[in-house]
J.: 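Would you mind keeping the following structure in view while I ask a few things?
Counting convention: from 1, in listed order, for ligands and their atoms alike.
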Amino acid sequence: MFFKACIFALFLRANAVIYKLNDTEYDRMPSLYELDNYEKCLRSDGLYCVVKITLSASPDNQLMRMIQEYSEARIHYNHTYIDWGICVSSRCKNYDLKGDTRLSIEKCLNQSFYNEHRLEAKITVHYCNNSKERHQYDFGDWIFGFVLAFIISLNILATLYDIRLRIFNNEIGNQYLLGFSIIRNWGLLVAHHNDPNFNKFVSIHGIRTILSFGMVLGHTMFIFCSGFVDNPEALEQAYQTPFSYIIFNGPMVIQTYFIISGCLFSYTLAVNPHWLKSFFVPILYRWCRLTPGLALLLGFITTWYRHLGTGPLWNFYVSPVVNDCKQYWWSHILYFNNYIKEYCNIQTWYLAADFQMYAIALILFIATRNRGRIFAIFLLFFIGCAGPVLHDWLQDINGVFITYPEVYRTFSDDSFAVVYVSFYNNLCCFSMGLILGLLTFNANKYKIYFSKHKRILTPLFWTLCLLVLLLFMSGYFLYPNGERPSLHIRIAYSALHRPILGAIMFIGITMIIFKVEDNFRAFIEWPGWRVPSRLTYGVFLVHICIIHYIQGTRTQLYNISIFNVIIMHLGVVWMSYLFALPIYLMVKKPMSNITKLCLLYASTRFLVNKKK
Ligand SMILES: *[C@@H]1O[C@H](CO)[C@@H](O)[C@H](O)[C@H]1NC(C)=O
Ligand SMILES: *[C@@H]1O[C@H](CO)[C@@H](O)[C@H](O)[C@H]1NC(C)=O
């Protein structure tokens with residue numbers, strides 16, 4: 001009997017979770033982050049170390065139990081270990097630092113932790129600096145410099161050539177060289193006209209731009225939530241309000257991009273059916289359009305980037321990224337980096353997943369040239385719905401990705417690395433997009449007109465907007481306090497979240513394309529969206545670099561507040577556009593011009609050969 005009671009007590013104890021602490025109790029815990037003055041430490045020839053301190057204590061220590069129970073909740077940081085940047089030489093003056101640094105730091109911190117909290121500290125040293133680290137320039141830096149110089153001179157040359165042609169406008173000129181002309185590409189950037197075939201899709205510029213602002217906001221959160229802030233409790237408290245789940249549950253908004261991507265894919269192929277003659281030409285074309293910008297970015301990260309900043313946290317946030325890029329750049333170029341766990345350009349999992357779905361859809365469309373296409377698309381849809389369910393059911397991984405504090409801090413989360421980034425889990429919305437594209441193309445044939453029902457449909461549109469907001473807040477209700485509900489509910493959530501979101505977006509975008517609702521359409525079809533929309537790819541590539549730079553060069557703890565997040569977000573957006581502009585003018589557009597010309601040349605050659 002006594003035994004049973006004991007086991008029961010132990011069991012209870014192991015499962016106790018504290019969801020809220022009042023301020024006095026919260027402050028009894030050692031602060032999660034600390035950052036000593038870096039400059040001052042190094043000026044006095046000191047030793048500066050960034051360490052992970054794992055706390056422990058004897059079993060009857062009440063404070064330690066509280067820390068453990070508080071950390072047990074997923075909506076809190078794990079307070080049983082803390083990350084500190086410390087000036088060892090001034091904090092641990094009385095300890096011998098010549099020998100084993102880790103042991104001396106451990107002894108020294110143990111003393112202060114024991115005096116202050118009656119806790120024991122186990123130290124893991126991330127790294128130590130005793131002078132401002134300067135990376136050696138190596139061969140790669142020179143190569144990148146040459147490549148950059150080559151690109152810039154080519155652009156200048158082409159621009160001068162273009163100017164000359166404009167002054168003496170008597171020749172057509174070399175189109176390949178003119179493809180690099182900045183004046184010309186600027187014209188293309190600000191041009192109002194689109195391909196007349198795609199007039200229906202002008203609204204996509206607006207949608208894409210607004211979504212990219214949202215994406216940058218989501219990633220800006222990493223600056224504040226991944227560590228070294230003085231008020232981590234502010235983030236933890238944010239999980240108590242449903243509205244903040246618009247951000248924490250927000251990553252699912254990427255599904256909208258997949259709908260657009262699928263839609264443009266099937267529409268483009270419907271307009272140009274001859275593309276279906278081969279598999280490799282469209283794939284190569286896509287690869288050639290996406291890769292130059294990406295390759296330049298990878299080149300930059302692996303070479304010049306590491307020289308650009310220093311600071312106590314540079315090796316914490318930036319060096320791992322640089323090292324991973326050095327090791328795995330090829331997986332990015334070949335677009336399967338979403339299946340490798342690494343930290344290089346983490347956002348480009350999207351490019352990889354999109355590329356994979358593109359390839360699969362292409363095969364499918366080629367195979368179903370005569371019939372069965374709709375059936376095949378539905379098959380994709382069901383695979384997309386089943387994927388997250390199976391992960392949840394068989395592997396016990398949340399099918400819907402929600403960013404919790406430890407996800408921000410450690411950046412290792414199965415729900416992200418296994419479910420979210422795998423292409424098959426995103427097929428659901430992509431296949432909806434395929435249907436949307438076919439629907440738009442065949443609108444005349446099937447006589448799809450909605451204008452008669454405007455009166456009914458307009459309120460529906462605004463209801464959908466509300467529903468999207470509710471869907472984003474659903475994580476708060478389904479996973480209260482981060483606790484996982486029963487398997488049935490979880491599976492239902494994993495199975496339904498993507499299709500529901502997809503369906504809402506599908507109906508919404510259809511209404512915009514078919515001109516059902518007018519007020520929102522006027523806003524989203526505003527011509528001003530075109531320019532930022534064309535720069536979106538560049539923004540997508542560079543914004544993470546900027547975010548890592550901000551993280552790596554910080555010398556003091558930041559403060560989490562809505563105002564600071566907004567200011568930071570605006571800053572990152574502006575900076576990203578500033579860099580995206582030259583990338584678009586000098587790399588992306590020229591390469592896509594050249595690719596188009598090559599394709600044209602190849603196809604005319606091919607036709608001539610055939611005629612012979
Ligand atoms: C916080 O909670 C503890 C124990 O639950 C209590 O003793 C203390 O008075 C509380 N402090 C405040 C400021 O409410
Ligand atoms: C918190 O971190 C410690 C040390 O890394 C780990 O042993 C523990 O399992 C973590 N706790 C939770 C709830 O994840």
J.: Please report the interatomic distance NE2(His391) to CD1(Ile397), rounded to the nearest 0.5 Å.
T.: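 Going from NE2 on His391 over to CD1 on Ile397, the span is 6.5 Å.
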J.: Mark yes or no for whether Ser89, through its side chain, and Leu47, through its backbone, hold a donor-acceptor pair below 3.5 Å.
T.: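 Answer holds: yes.
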J.: Would you call Asp100-Lys107 a salt bridge at under 4.0 Å N-O?
T.: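 Not counted as a salt bridge, because no side-chain N and carboxylate O are separated by less than 4.0 Å.
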J.: Please identify each residue that fulfils ring pair (Phe, Tyr, Trp, His ring centres under 6.0 Å) with Phe258, with sequence neighbours left out.
T.: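 Only Tyr350 meet the ring pair (Phe, Tyr, Trp, His ring centres under 6.0 Å) criterion with Phe258.
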J.: With nothing but distance in play, are any N or O atoms of Asn78 less than 3.5 Å from an N or O of ligand 2?
T.: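 Yes, there is a polar N/O contact under 3.5 Å.
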J.: List every atom of ligand 2 that sits less than 4.0 Å from any heavy atom of Thr80, numbering the atoms from 1 in the order shown and giving each element.
T.: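 Near Thr80, the atoms of ligand 2 are 1 (C), 2 (O), 3 (C).
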J.: Pull out every atom of ligand 2 sitting under 4.0 Å from any heavy atom of Tyr81, numbered as shown with elements.
T.: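 Answer, ordered by atom number: 2 (O), 5 (O).
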J.: Report all side-chain donor-acceptor pairs from residues 113-124 shorter than 3.5 Å, counting only partners two or more places apart or in another chain.
T.:
{"residue": "Asn115", "atom": "ND2", "partner": "Gln111", "partner atom": "O", "Å": "3.4"}
{"residue": "His117", "atom": "ND1", "partner": "Arg28", "partner atom": "O", "Å": "3.3"}
{"residue": "Arg118", "atom": "NH1", "partner": "Tyr114", "partner atom": "O", "Å": "2.8"}

J.: Classify the angle between the aromatic ring planes of Trp349 and Phe416 as parallel (below 30°), tilted (30 to 60°) or perpendicular (above 60°).
T.: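 Trp349 and Phe416: perpendicular rings.
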J.: Under 4.0 Å from a heavy atom of Ser71: give me the atoms of ligand 2 that qualify, with their elements.
T.: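 Every atom of ligand 2 under 4.0 Å from some heavy atom of Ser71: 13 (C).
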J.: Please check whether Thr54 reaches ligand 2 - meaning an N/O of the residue sits under 3.5 Å from an N/O of the ligand, judged on distance alone.
T.: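 Among all N and O atoms of Thr54, none is under 3.5 Å from an N or O of ligand 2.
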J.: Identify the protein atoms, limited to N or O, that lie within less than 3.5 Å of an N or O atom of ligand 1, and list each pair with its distance to 0.1 Å.
T.:
{"residue": "ligand 1", "atom": "2 (O)", "partner": "Asn22", "partner atom": "ND2", "Å": "2.4"}
{"residue": "ligand 1", "atom": "11 (N)", "partner": "Asn22", "partner atom": "ND2", "Å": "2.9"}
{"residue": "ligand 1", "atom": "11 (N)", "partner": "Thr24", "partner atom": "OG1", "Å": "3.1"}
{"residue": "ligand 1", "atom": "14 (O)", "partner": "Asn22", "partner atom": "ND2", "Å": "3.3"}

J.: Tell me, which pairs form a side-chain hydrogen bond (donor to acceptor under 3.5 Å, both in side chains) where one or both residues lie in residues 489-505, sequence neighbours left out?
T.: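 Non-adjacent pairs meeting side-chain hydrogen bond (donor to acceptor under 3.5 Å, both in side chains): Asn249-Tyr493, Asp392-Arg490, Asp392-Ser494, Asp396-Arg490, Ser474-Tyr493.
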J.: Any luck finding a side-chain donor-acceptor pair between Ser244 and Thr241 under 3.5 Å?
T.: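 Per modelled atom types, Ser244 and Thr241 side chains form a pair under 3.5 Å.
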